[in-house]
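All remarks here apply to the structure that follows.
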Amino acid sequence: MHDAVREQATTIIARIPEGRVTTYGTIAKMTEGATARSIGALLRLLPKGHTLPWHRVVAAGGRLAHHEGALEQRELLSAEGVIFDARGRIPERFFWP
DNA sequence: TCGTTGACGCTAA
DNA sequence: TTTAGCGCCAACG
(Lines give C-alpha, C1' and ligand atoms only; values in the text may rest on other atoms or scores of the structure.)
Protein backbone atom coordinates (compact mmCIF):
# COMPACT_ATOMS: atom_id res chain seq x y z
CA MET A 1 0.00 0.00 0.00
CA HIS A 2 1.46 3.32 -1.09
CA ASP A 3 1.87 6.18 1.31
CA ALA A 4 -0.71 8.25 -0.56
CA VAL A 5 -3.29 5.50 -0.23
CA ARG A 6 -2.51 5.02 3.44
CA GLU A 7 -2.82 8.74 4.04
CA GLN A 8 -6.14 8.86 2.23
CA ALA A 9 -7.48 5.93 4.23
CA THR A 10 -6.40 7.39 7.56
CA THR A 11 -7.97 10.71 6.59
CA ILE A 12 -11.28 9.02 5.88
CA ILE A 13 -11.21 7.13 9.18
CA ALA A 14 -10.42 10.35 11.02
CA ARG A 15 -13.57 11.89 9.50
CA ILE A 16 -15.93 9.30 10.96
CA PRO A 17 -18.24 11.22 13.31
CA GLU A 18 -18.55 10.22 16.94
CA GLY A 19 -21.32 7.74 17.52
CA ARG A 20 -21.19 6.48 13.94
CA VAL A 21 -19.34 3.56 12.38
CA THR A 22 -18.19 2.53 8.93
CA THR A 23 -17.01 -0.72 7.42
CA TYR A 24 -13.73 -1.92 5.94
CA GLY A 25 -15.41 -2.29 2.58
CA THR A 26 -16.79 1.25 2.66
CA ILE A 27 -13.37 2.70 3.40
CA ALA A 28 -11.87 0.56 0.65
CA LYS A 29 -14.38 1.90 -1.87
CA MET A 30 -13.68 5.49 -0.86
CA THR A 31 -9.93 4.93 -1.06
CA GLU A 32 -8.36 4.56 -4.48
CA GLY A 33 -6.34 1.38 -4.70
CA ALA A 34 -7.33 -0.03 -1.32
CA THR A 35 -9.24 -3.18 -0.42
CA ALA A 36 -10.98 -4.26 2.75
CA ARG A 37 -8.04 -6.47 3.62
CA SER A 38 -5.51 -3.68 3.10
CA ILE A 39 -7.48 -1.49 5.49
CA GLY A 40 -7.25 -4.21 8.10
CA ALA A 41 -3.52 -4.43 7.55
CA LEU A 42 -3.26 -0.69 7.94
CA LEU A 43 -5.10 -0.60 11.27
CA ARG A 44 -3.09 -3.52 12.57
CA LEU A 45 0.17 -1.62 12.07
CA LEU A 46 -1.01 1.67 13.50
CA PRO A 47 1.50 3.37 15.78
CA LYS A 48 0.91 3.15 19.48
CA GLY A 49 0.04 6.77 20.10
CA HIS A 50 -2.20 7.39 17.11
CA THR A 51 -5.36 9.47 17.43
CA LEU A 52 -7.36 7.53 14.86
CA PRO A 53 -10.85 6.31 15.88
CA TRP A 54 -10.09 2.73 14.87
CA HIS A 55 -12.98 1.43 16.97
CA ARG A 56 -15.43 3.00 14.50
CA VAL A 57 -14.28 0.62 11.78
CA VAL A 58 -16.32 -2.60 11.78
CA ALA A 59 -16.76 -5.59 9.49
CA ALA A 60 -19.40 -5.86 6.77
CA GLY A 61 -23.01 -6.05 7.88
CA GLY A 62 -22.26 -4.10 11.05
CA ARG A 63 -20.63 -7.14 12.63
CA LEU A 64 -17.64 -6.79 14.87
CA ALA A 65 -14.43 -8.21 13.47
CA HIS A 66 -12.81 -10.74 15.77
CA HIS A 67 -9.46 -9.43 16.87
CA GLU A 68 -7.64 -8.73 20.11
CA GLY A 69 -9.22 -5.35 20.80
CA ALA A 70 -12.77 -6.41 20.05
CA LEU A 71 -13.90 -6.11 23.65
CA GLU A 72 -12.39 -2.68 24.01
CA GLN A 73 -13.93 -1.71 20.70
CA ARG A 74 -17.38 -2.74 21.88
CA GLU A 75 -16.97 -0.68 25.04
CA LEU A 76 -15.76 2.39 23.18
CA LEU A 77 -18.65 2.21 20.75
CA SER A 78 -21.18 1.73 23.52
CA ALA A 79 -19.73 4.77 25.27
CA GLU A 80 -20.45 6.77 22.11
CA GLY A 81 -24.05 5.59 21.97
CA VAL A 82 -23.69 2.89 19.35
CA ILE A 83 -26.16 0.08 19.97
CA PHE A 84 -25.67 -3.63 19.29
CA ASP A 85 -28.76 -5.67 18.52
CA ALA A 86 -29.58 -9.13 19.82
CA ARG A 87 -27.43 -10.76 17.14
CA GLY A 88 -24.43 -8.60 18.04
CA ARG A 89 -24.77 -6.44 14.97
CA ILE A 90 -24.85 -2.66 14.61
CA PRO A 91 -28.07 -1.33 12.99
CA GLU A 92 -27.64 0.44 9.66
CA ARG A 93 -28.72 3.79 11.06
CA PHE A 94 -25.32 4.06 12.78
CA PHE A 95 -23.43 3.61 9.54
CA TRP A 96 -21.43 6.43 7.98
CA PRO A 97 -21.69 7.96 5.45
C1' DT B 1 11.36 -14.49 -4.26
C1' DC B 2 8.06 -17.56 -1.87
C1' DG B 3 4.79 -19.20 1.48
C1' DT B 4 2.11 -18.06 5.43
C1' DT B 5 -0.86 -15.28 8.13
C1' DG B 6 -4.59 -12.18 9.19
C1' DA B 7 -8.59 -6.00 12.42
C1' DC B 8 -12.05 -8.56 5.30
C1' DG B 9 -15.90 -8.97 1.44
C1' DC B 10 -18.86 -11.28 -1.68
C1' DT B 11 -21.34 -15.11 -3.65
C1' DA B 12 -23.18 -19.68 -3.98
C1' DA B 13 -25.13 -23.65 -1.82
C1' DT C 1 -29.15 -18.57 8.59
C1' DT C 2 -24.72 -20.70 8.40
C1' DT C 3 -20.59 -22.53 5.73
C1' DA C 4 -17.24 -22.84 2.24
C1' DG C 5 -14.70 -21.09 -1.29
C1' DC C 6 -12.29 -17.63 -3.66
C1' DG C 7 -10.23 -13.03 -4.27
C1' DC C 8 -7.86 -9.62 -2.24
C1' DC C 9 -3.46 -7.08 -0.16
C1' DA C 10 0.40 -6.00 3.22
C1' DA C 11 3.77 -7.59 6.58
C1' DC C 12 7.12 -11.01 7.92
C1' DG C 13 10.58 -14.75 8.10
Side-chain angles (χ1 to χ4, degrees):
Chain A
M1 176 180 257
H2 287 311
D3 293 336
V5 179
R6 185 177 56 192
E7 180 179 343
Q8 190 176 359
T10 54
T11 299
I12 292 174
I13 298 175
R15 285 202 178 105
I16 305 174
E18 184 177 315
R20 309 292 294 283
V21 298
T22 193
T23 68
Y24 291 94
T26 300
I27 297 175
K29 285 176 194 169
M30 291 189 288
T31 308
E32 195 68 26
T35 65
R37 211 153 176 78
S38 66
I39 301 300
L42 169 65
L43 291 186
R44 179 169 61 93
L45 297 198
L46 277 179
K48 200 175 181 182
H50 66 86
T51 58
L52 224 56
W54 60 271
H55 55 280
R56 293 174 195 155
V57 182
V58 299
R63 285 184 300 274
L64 211 53
H66 21 269
H67 59 95
E68 301 294 326
L71 276 194
E72 180 186 359
Q73 182 175 20
R74 186 176 56 77
E75 288 187 12
L76 289 171
L77 289 177
S78 297
E80 293 183 355
V82 176
I83 301 303
F84 292 81
D85 65 12
R87 289 189 297 265
R89 300 175 47 200
I90 300 174
E92 231 184 275
R93 55 185 159 86
F94 290 105
F95 285 18
W96 179 87

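Residue numbers begin at 1 in each chain, while the letters A, B, ... track the order of the sequences. What's counted below: heavy atoms across the whole structure, side chains too, no hydrogens, waters or symmetry copies.
Between A:Arg89 atom CZ and B:dC8 atom P there is a gap of 16 Å when expressed in whole angstrom units. Atom CZ in A:Phe95 sits roughly 10 Å away from atom P in B:dG9 (whole-Å rounding). Between A:Arg44 atom CZ and B:dT5 atom C1' there is a gap of 8 Å when expressed in whole angstrom units. If you measure from atom CD1 of A:Ile39 to atom P of B:dC8, you get 12 Å, rounded to the nearest angstrom. One can place CD1 of A:Ile13 at 13 Å from P of B:dC8, the figure rounded to the nearest angstrom. Rounded to whole Å, the distance from CG on A:Leu64 to C1' on B:dG6 is 16 Å. One atom, CG of A:Leu77, and another, C1' of B:dA7, lie 13 Å apart when rounded to the nearest Å. In this structure, A:Trp54 places its CH2 atom 16 Å from C1' of B:dG6, rounding to the nearest Å.
Here B:dC10 is the nucleotide among B:dC8, B:dA7, B:dC10 with the atom lying nearest to any side-chain atom of A:Ala60. Candidate nucleotides B:dC8, C:dA10, C:dC9 were compared by shortest atom distance to the side chain of A:Met1, and C:dA10 ranks first. Comparing C:dC8, B:dC8, B:dG9 by their closest approach to the side chain of A:Thr23 singles out B:dG9. Nearest nucleotide to the A:Thr35 side chain, out of B:dA7, C:dC9, B:dC10: C:dC9. Among the nucleotides C:dC8, B:dG9, C:dA10, the one closest to any side-chain atom of A:Arg37 is C:dC8. Proximity note for A:Leu43 (side chain, C-beta onward) versus B:dA7, B:dC8, C:dA10: the nearest is B:dA7.
At distances below 3.5 Å, at least one donor-acceptor pair connects side-chain atoms of A:Thr31 with backbone N or O atoms of A:Ile27. Here the side chain of A:Gln73 pairs a donor or acceptor atom with the backbone of A:Val57 at under 3.5 angstrom.
No option in A:Thr22, A:Leu46, A:Leu52 other than A:Leu52 meets the side-chain contact (heavy atoms from CB on, under 4.5 Å) test with A:Ile13.
Shown here for A:Phe95 and A:Ile90, the closest heavy-atom pair between the two residues is CE1-O, 3.6 Å.
In terms of position along DNA chain B, the nucleotide closest to A:Ala41 lies nearer the 5' end than the nucleotide closest to the other residue of the pair A:Ala59 and A:Ala41.
Across all strands shown, A:Leu42 has no heavy atoms under 4.0 Å from either base or sugar-phosphate atoms.
Side-chain contact between A:Arg6 and A:Asp3 is present, with at least one heavy-atom pair separated by less than 4.5 Å.
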